[in-house]
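The structure under discussion appears below in the form of structure tokens.
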2 protein chains.
Amino acid sequence: MNEIFSLLETNKLSRTPCRIEVLKTLKLAGSALSEAEIREKIGDHFDRTTVYRTLRCFLKEDVIHSISLDGGEVRYALSPHTEVAHSSHHVHFFCHDCNSVYCISHQAYKTPELPIGFMAESFDLLIQGSCRKCKK
Amino acid sequence: MNEIFSLLETNKLSRTPCRIEVLKTLKLAGSALSEAEIREKIGDHFDRTTVYRTLRCFLKEDVIHSISLDGGEVRYALSPHTEVAHSSHHVHFFCHDCNSVYCISHQAYKTPELPIGFMAESFDLLIQGSCRKCKK
DNA sequence: TTAAATTTGCAACAAGGTTGCAAATATTTT
DNA sequence: AAAATATTTGCAACCTTGTTGCAAATTTAA
């Protein structure tokens, strides 16, 4: 809980019920959640718009980050608050069995060669397969 | 144009005006287009639902593939019709200057190491930066 | 505790995703 | 080539999401 308060303070965000709930929910869920899932878990305490704006706000401050799945579905997860947190390199794993998305910590990692003239600045890698729990 | 007809035939899809237009549009645009962009380029000849269903149909047959961008925006591009076409490994480049998405042909390419128990089956890599045209 | 700054809930609207169904069009069969 | 069959279209309809403005409520600062 303290962790949540300091997350807010660090980013100069006021400590409002909705923000606290969203952060608690994301922290509890080990995996990334969609906006609908977050609302569902929080219950009916806040207006849809409020949750929406809360997420926008967290995204802007990099408290959370978003992951775009295949059909365009977006999920949100707490950003790792390490020094490399603001790095724009993200690796995620989508389990097609349990539908969960995990953030994968990424070591040094080479992107494939690009055609001449292209300049890479960041990347997002979405690996798909079956996760620890679902692998049989 | 023949290419488009054979694309349809190969996939046992009937040769209807909307399908032809969508394929022509995607072929002409060197880069991936959103559904709205496709509709815009085609003009007002078809119902929104028709274009929507046309895309679903092409996706199912793997005539096109979709790319999910950062905020959840989805774009569509013709699938490469090589032998590896149905491979589920995709590399795309998003230019944050001109907003274009390019399919990048990918050579052998190693995904980063995963935590124990995770089994990768495919991946999607979205590289961001500036493209050939926009690089200064 | 009051004043100032932010955040919330609500209304409202645009756009996207999706389905059912009858009419129109394409393909197949005779 | 025409008729029969199978598909695809357009339209209505409905739900979800994204997004904004604004006044009321809440939080933070003074």
Side-chain angles (χ1 to χ4, degrees), chain A residues 1-2 4-25 32-61 63-76 99 101, chain B residues 1-2 4-25 32-61 63-76 99 101:
Chain A
M1 200 62 178
N2 273 329
I4 285 170
F5 287 162
S6 69
L7 247 182
L8 290 173
E9 264 174 50
T10 305
N11 292 285
K12 298 198 194 74
L13 297 174
S14 48
R15 192 185 287 187
T16 69
C18 183
R19 291 183 176 169
I20 293 170
E21 283 308 303
V22 169
L23 289 182
K24 275 210 298 208
T25 304
L33 302 177
S34 68
E35 186 173 336
E37 285 169 329
I38 293 171
R39 274 209 305 266
E40 208 173 296
K41 285 182 194 276
I42 283 184
D44 228 12
H45 304 300
F46 307 99
D47 187 80
R48 163 172 95 85
T49 315
T50 303
V51 176
Y52 166 75
R53 281 194 274 225
T54 297
L55 292 174
R56 284 318 98 173
C57 163
F58 286 167
L59 279 177
K60 202 172 82 184
E61 302 300 331
V63 176
I64 64 176
H65 62 282
S66 70
I67 302 118
S68 298
L69 301 186
D70 220 22
E73 190 192 339
V74 179
R75 306 239 182 127
Y76 303 91
N99 218 265
V101 172
Chain B
M1 198 61 179
N2 272 329
I4 284 169
F5 288 162
S6 70
L7 246 182
L8 289 173
E9 264 175 51
T10 305
N11 292 282
K12 299 198 194 73
L13 298 174
S14 49
R15 191 185 287 188
T16 69
C18 183
R19 291 183 176 168
I20 293 170
E21 282 308 303
V22 169
L23 289 182
K24 275 210 299 212
T25 304
L33 303 177
S34 69
E35 186 173 336
E37 285 169 329
I38 293 171
R39 272 207 306 265
E40 209 173 293
K41 284 182 193 274
I42 284 185
D44 227 13
H45 304 299
F46 307 99
D47 188 80
R48 162 173 96 87
T49 316
T50 303
V51 175
Y52 167 75
R53 281 195 272 225
T54 297
L55 292 174
R56 285 315 100 171
C57 163
F58 286 167
L59 279 176
K60 204 172 79 181
E61 302 299 330
V63 174
I64 65 177
H65 63 282
S66 70
I67 302 117
S68 299
L69 300 187
D70 220 23
E73 189 193 339
V74 179
R75 306 239 182 127
Y76 303 91
N99 216 265
V101 173

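Excluded from the calculations below are hydrogen atoms, water molecules and symmetry mates; all remaining heavy atoms, backbone and side chain alike, are included. Throughout, a chain's letter reflects where its sequence line sits, starting with A, and its residues are numbered from 1.
Taking the side-chain hydrogen bond (donor to acceptor under 3.5 Å, both in side chains) definition, one finds that Asn99(B) meets it with Arg75(B), sequence neighbours left out. Partners of Arg53(A) under the salt bridge (charged side-chain N to carboxylate O under 4.0 Å, His left out) rule, at least two apart in sequence or in another chain, do not exist in this structure. For Arg48(B), the side-chain hydrogen bond (donor to acceptor under 3.5 Å, both in side chains) criterion is met by no residue, not counting sequence neighbours. A search for side-chain hydrogen bond (donor to acceptor under 3.5 Å, both in side chains) contacts involving Ser14(A) returns Arg19(A), not counting sequence neighbours. With sequence neighbours left out, the salt bridge (charged side-chain N to carboxylate O under 4.0 Å, His left out) criterion links Lys24(A) to Glu21(A). Residues passing the side-chain hydrogen bond (donor to acceptor under 3.5 Å, both in side chains) test with Asp47(A), sequence neighbours excluded: Thr49(A).
Whole-Å rounding puts the Glu73(B) CD to dT17(D) C1' distance at 15 Å. Between Asp44(A) atom CG and dT8(C) atom P the separation is 16 Å, expressed in whole Å. Spacing between atom CG of Asp47(A) and atom C1' of dA12(C) amounts to 13 Å, rounded to whole angstrom units. For the pair Ile20(B) CD1 and dT8(D) P, the computed distance is 13 Å after rounding to whole Å. Atom CD1 in Ile38(B) sits about 14 Å away from atom C1' in dG16(C), given to the nearest Å. Nucleotide dT9(D) holds its C1' atom 15 Å from the CD atom of Glu21(B), rounded to whole Å. When rounded to the nearest whole Å, the span between CZ of Arg19(B) and P of dT27(C) equals 9 Å. Phe46(B) has its CZ atom 15 Å from the C1' atom of dT7(D), to the nearest Å.
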Its contact letters, B for base, S for sugar-phosphate only and - for none at protein heavy atoms under 4.0 Å, make nucleotides 17-24 of chain C read BBBB----

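The pair Arg15(B)-Glu9(B) counts as a salt bridge, with a side-chain nitrogen and a carboxylate oxygen less than 4.0 angstrom apart.
Looking at heavy-atom distances under 4.0 Å, Cys57(A) makes no contact with the nucleic acid at all.
Every pair passing salt bridge (Lys or Arg N to Asp or Glu O under 4.0 Å) that includes a residue from residues 33-43 of chain B is listed here, sequence neighbours excluded: Glu35(B)-Arg39(B).
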Look for any protein N or O under 3.5 Å of an N or O in nucleotides 26-30 of chain D and output each such pair with its distance, or none.
unit_1	atom_1	unit_2	atom_2	d
dT28(D)	OP1	Arg15(A)	N	2.8

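Distances from the side chain of Arg39(B) to the nucleotides dG9(C), dG16(C), dT9(D) place dG16(C) closest.
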Side chain to side chain contact (heavy atoms under 4.5 Å, CB included), that's the test. Do Thr16(A) and Thr54(A) meet it? Break it down for me. CA-CA 10 Å; Thr16(A) 69; Thr54(A) 297; 5.9 Å; no

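Proximity of a side-chain donor or acceptor of Ser34(B) to a complementary backbone N or O of Val74(B) within less than 3.5 Å is not detected.
Taking the side chain as every heavy atom from C-beta outward, Leu13(A) and Phe58(A) approach each other to under 4.5 Å.
End-to-end axis angle for the helix from dT1(C)-dA30(D) to dT30(C)-dA1(D), using five pairs per end and rounding to 10°, comes out at 40°.
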